Amino acid sequence: MAMAMRLAAARVALAGPLGLRTALFSTLTSSSPFVPPPTNQAERPPPAEPSTNLFVSGLSKRTTTEGLREAFAKFGEVVHARVVTDRVSGYSKGFGFVKYATIEDAAEGIKGMDGKFLDGWVIFAEYARPRPPLPVNNAGPSPYPPAYGSPYGRQ
DNA sequence: CGTGAGCGA
(Lines give C-alpha, C1' and ligand atoms only; values in the text may rest on other atoms or scores of the structure.)
Protein backbone atom coordinates (compact mmCIF):
# COMPACT_ATOMS: atom_id res chain seq x y z
CA MET A 1 0.00 0.00 0.00
CA ALA A 2 1.08 3.51 0.57
CA MET A 3 4.61 3.00 1.66
CA ALA A 4 6.80 5.89 2.50
CA MET A 5 8.96 5.69 -0.50
CA ARG A 6 12.03 7.79 -0.68
CA LEU A 7 11.91 10.41 -3.27
CA ALA A 8 14.73 9.42 -5.47
CA ALA A 9 15.09 13.01 -6.53
CA ALA A 10 14.43 12.86 -10.19
CA ARG A 11 17.81 13.96 -11.35
CA VAL A 12 17.54 14.94 -14.90
CA ALA A 13 20.95 14.22 -16.23
CA LEU A 14 21.85 17.36 -18.05
CA ALA A 15 23.94 15.28 -20.29
CA GLY A 16 26.13 17.25 -22.59
CA PRO A 17 27.35 16.02 -25.95
CA LEU A 18 28.64 12.92 -24.34
CA GLY A 19 26.79 12.82 -21.11
CA LEU A 20 29.97 13.22 -19.21
CA ARG A 21 29.39 12.42 -15.65
CA THR A 22 31.34 11.25 -12.72
CA ALA A 23 29.96 7.80 -13.06
CA LEU A 24 32.68 6.21 -11.08
CA PHE A 25 30.81 3.88 -8.84
CA SER A 26 27.34 4.87 -9.81
CA THR A 27 26.17 2.44 -12.39
CA LEU A 28 23.57 4.97 -13.39
CA THR A 29 20.63 2.67 -12.94
CA SER A 30 18.12 4.63 -14.90
CA SER A 31 15.27 2.38 -13.94
CA SER A 32 12.87 5.07 -12.92
CA PRO A 33 9.20 4.10 -13.09
CA PHE A 34 8.39 7.47 -14.53
CA VAL A 35 11.02 8.62 -16.88
CA PRO A 36 9.60 10.33 -19.92
CA PRO A 37 12.05 10.01 -22.75
CA PRO A 38 13.32 13.26 -24.21
CA THR A 39 12.21 14.48 -27.57
CA ASN A 40 15.26 12.94 -29.06
CA GLN A 41 16.09 9.35 -28.52
CA ALA A 42 16.28 7.85 -31.91
CA GLU A 43 19.32 9.61 -33.20
CA ARG A 44 22.77 8.70 -32.03
CA PRO A 45 25.08 11.27 -33.52
CA PRO A 46 28.71 10.31 -33.38
CA PRO A 47 30.87 12.30 -31.00
CA ALA A 48 33.08 13.44 -33.79
CA GLU A 49 34.55 12.47 -37.09
CA PRO A 50 37.47 10.10 -37.28
CA SER A 51 40.77 11.80 -36.91
CA THR A 52 44.21 11.21 -35.53
CA ASN A 53 43.58 13.76 -32.89
CA LEU A 54 41.93 12.44 -29.81
CA PHE A 55 40.23 14.42 -27.15
CA VAL A 56 40.59 12.84 -23.77
CA SER A 57 38.43 14.11 -20.97
CA GLY A 58 37.83 13.09 -17.42
CA LEU A 59 41.46 13.18 -16.54
CA SER A 60 42.51 13.63 -13.01
CA LYS A 61 43.90 16.96 -12.00
CA ARG A 62 47.16 15.31 -11.26
CA THR A 63 47.41 13.43 -14.52
CA THR A 64 50.14 14.84 -16.64
CA THR A 65 51.09 14.67 -20.29
CA GLU A 66 53.47 11.80 -19.83
CA GLY A 67 50.89 9.79 -17.99
CA LEU A 68 48.46 10.35 -20.79
CA ARG A 69 50.92 9.40 -23.45
CA GLU A 70 52.05 6.33 -21.59
CA ALA A 71 48.46 5.29 -21.16
CA PHE A 72 47.58 5.70 -24.81
CA ALA A 73 50.84 4.47 -26.21
CA LYS A 74 49.79 0.95 -25.37
CA PHE A 75 47.23 0.93 -28.13
CA GLY A 76 49.14 2.68 -30.84
CA GLU A 77 51.92 5.02 -31.66
CA VAL A 78 51.25 8.33 -30.05
CA VAL A 79 52.68 11.10 -32.09
CA HIS A 80 51.68 13.79 -29.70
CA ALA A 81 50.01 14.01 -26.35
CA ARG A 82 49.25 16.94 -24.16
CA VAL A 83 47.24 17.62 -21.08
CA VAL A 84 45.67 21.01 -21.31
CA THR A 85 46.71 23.19 -18.45
CA ASP A 86 46.00 26.74 -17.56
CA ARG A 87 48.48 29.39 -18.45
CA VAL A 88 48.21 31.43 -15.32
CA SER A 89 47.60 28.71 -12.80
CA GLY A 90 49.54 25.88 -14.34
CA TYR A 91 47.10 23.23 -13.21
CA SER A 92 45.52 20.72 -15.48
CA LYS A 93 42.12 21.58 -16.80
CA GLY A 94 41.10 17.97 -16.58
CA PHE A 95 41.37 17.05 -20.20
CA GLY A 96 43.98 16.56 -22.82
CA PHE A 97 44.71 15.60 -26.37
CA VAL A 98 46.37 12.59 -27.86
CA LYS A 99 47.41 12.34 -31.45
CA TYR A 100 48.10 8.99 -33.01
CA ALA A 101 50.03 8.18 -36.09
CA THR A 102 47.10 6.80 -38.02
CA ILE A 103 43.35 6.72 -37.78
CA GLU A 104 43.28 3.05 -37.01
CA ASP A 105 45.62 3.51 -34.08
CA ALA A 106 43.46 6.33 -32.89
CA ALA A 107 40.43 4.10 -33.04
CA GLU A 108 42.24 1.43 -31.09
CA GLY A 109 43.28 4.00 -28.58
CA ILE A 110 39.73 5.14 -28.11
CA LYS A 111 38.35 1.66 -27.80
CA GLY A 112 41.15 0.83 -25.46
CA MET A 113 41.03 3.78 -23.14
CA ASP A 114 37.55 5.21 -23.42
CA GLY A 115 35.72 4.50 -20.24
CA LYS A 116 38.79 3.22 -18.51
CA PHE A 117 40.49 4.35 -15.37
CA LEU A 118 43.42 6.66 -15.29
CA ASP A 119 44.90 7.89 -12.08
CA GLY A 120 41.72 6.84 -10.38
CA TRP A 121 39.31 8.64 -12.67
CA VAL A 122 37.22 7.44 -15.53
CA ILE A 123 38.46 9.01 -18.69
CA PHE A 124 36.73 9.50 -21.98
CA ALA A 125 38.50 9.33 -25.28
CA GLU A 126 37.05 10.49 -28.56
CA TYR A 127 38.07 12.21 -31.72
CA ALA A 128 38.98 15.80 -31.28
CA ARG A 129 37.32 18.53 -33.24
CA PRO A 130 39.03 20.36 -36.01
CA ARG A 131 40.60 23.55 -34.87
CA PRO A 132 40.58 26.91 -36.55
CA PRO A 133 43.24 27.39 -39.19
CA LEU A 134 45.18 29.29 -36.58
CA PRO A 135 45.91 32.74 -37.95
CA VAL A 136 49.63 32.50 -38.33
CA ASN A 137 49.30 35.75 -40.19
CA ASN A 138 48.51 38.95 -38.38
CA ALA A 139 45.39 39.25 -40.46
CA GLY A 140 42.84 38.18 -37.95
CA PRO A 141 41.58 38.73 -34.45
CA SER A 142 44.16 36.57 -32.80
CA PRO A 143 44.43 37.26 -29.10
CA TYR A 144 47.74 35.47 -29.19
CA PRO A 145 50.88 36.67 -30.89
CA PRO A 146 51.60 34.79 -34.09
CA ALA A 147 54.73 33.35 -32.65
CA TYR A 148 53.64 29.75 -32.93
CA GLY A 149 54.16 27.64 -35.98
CA SER A 150 51.66 25.21 -37.42
CA PRO A 151 49.90 23.38 -34.66
CA TYR A 152 48.43 19.93 -34.67
CA GLY A 153 45.25 19.08 -36.41
CA ARG A 154 46.53 17.82 -39.69
CA GLN A 155 47.24 14.29 -40.63
C1' DC B 1 39.69 23.21 -1.23
C1' DG B 2 42.04 23.42 -8.34
C1' DT B 3 34.79 18.81 -6.38
C1' DG B 4 34.67 18.24 -12.50
C1' DA B 5 31.93 20.43 -18.06
C1' DG B 6 34.73 20.36 -21.75
C1' DC B 7 38.18 21.06 -27.08
C1' DG B 8 44.41 23.05 -26.82
C1' DA B 9 49.50 27.94 -27.56
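Bear in mind that the values here come from a model prediction, so they are computed numbers and not experimental data. To find a chain, count down the sequence lines: A is the first, B the second, and so on, and within it residues start at 1.
Nearest nucleotide to the side chain of A/Ala128, out of B/dA9, B/dA5, B/dG8: B/dG8. The nucleotide whose nearest atom lies closest to any side-chain atom of A/Ser60 is, among B/dA9, B/dG4, B/dC7, B/dG4. Each of B/dG8, B/dA5, B/dG6 was ranked by its minimum atom distance to the side chain of A/Ser57; first place goes to B/dG6.
Taking each heavy atom of A/Leu59 and A/Ile123 in turn, the nearest pair found is CD2-CG2, 3.6 Å.
The shortest side-chain heavy-atom distance between A/Leu54 and A/Tyr100 falls under the 4.5 Å cut-off.
Here the P atom of nucleotide B/dC7 and the CG atom of A/Leu54 are 16 Å apart, to the nearest Å. Atom C1' of nucleotide B/dC7 and atom CD of A/Glu49 are separated by 14 Å, given to the nearest angstrom. Atom P of nucleotide B/dG8 and atom CG of A/Leu68 are separated by 16 Å, given to the nearest angstrom. Rounding to whole angstrom units, CZ of residue A/Phe55 and P of B/dA5 are separated by 13 Å. Going from atom CG of A/Asp114 over to atom P of B/dC7 covers 17 Å, rounded to whole Å. Between A/Asp119 atom CG and B/dT3 atom P there is a gap of 13 Å when expressed in whole angstrom units. In this structure, NZ of A/Lys99 is placed 16 Å from P of B/dG8, rounded to the nearest angstrom. Between the P atom of B/dG8 and the CD atom of A/Glu126 lies a distance of 13 Å, rounded to the nearest Å.
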task = Test ring pair (Phe, Tyr, Trp, His ring centres under 6.0 Å) on A/Phe55 and A/Tyr127 and set out the steps.
result = CA-CA 6 Å; A/Phe55 171 67; A/Tyr127 299 107; over 10 Å; no
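Along DNA chain B, the nucleotide nearest A/Ser89 and the nucleotide nearest A/Phe95 are compared for position; the residue whose nucleotide lies closer to the 5' end is A/Ser89. When the nearest nucleotides of DNA chain B are assigned to A/Gly58 and A/Ser92 by heavy-atom distance, the more 5′-ward of the two goes with A/Ser92.
A sub-4.0 Å separation between OP1 or OP2 of B/dC7 and a side-chain N or O of A/Arg129 is present. One finds no side-chain N or O of A/Lys93 lying less than 4.0 angstrom from the OP1 or OP2 phosphate oxygen of B/dC7.
Judged by ring centres under 5.5 Å apart and planes tilted less than 30 degrees, A/Phe97 stacks against the six-membered base ring of B/dG8.
Under the side-chain contact (heavy atoms from CB on, under 4.5 Å) criterion, A/Thr64 pairs with A/Glu66, sequence neighbours left out.
Scanning atom types as modelled, one donor and one acceptor separated by under 3.5 angstrom connect the side chain of A/Asn53 and the base of B/dG8.
Contacts of A/Leu59 with the nucleic acid, taken as non-hydrogen atoms under 4.0 Å apart, include base atoms.
Here side-chain hydrogen bond (donor to acceptor under 3.5 Å, both in side chains) pairs that include residues 108-118 of chain A, with residues two or more places apart or in two chains, are A/Glu108-A/Lys111.
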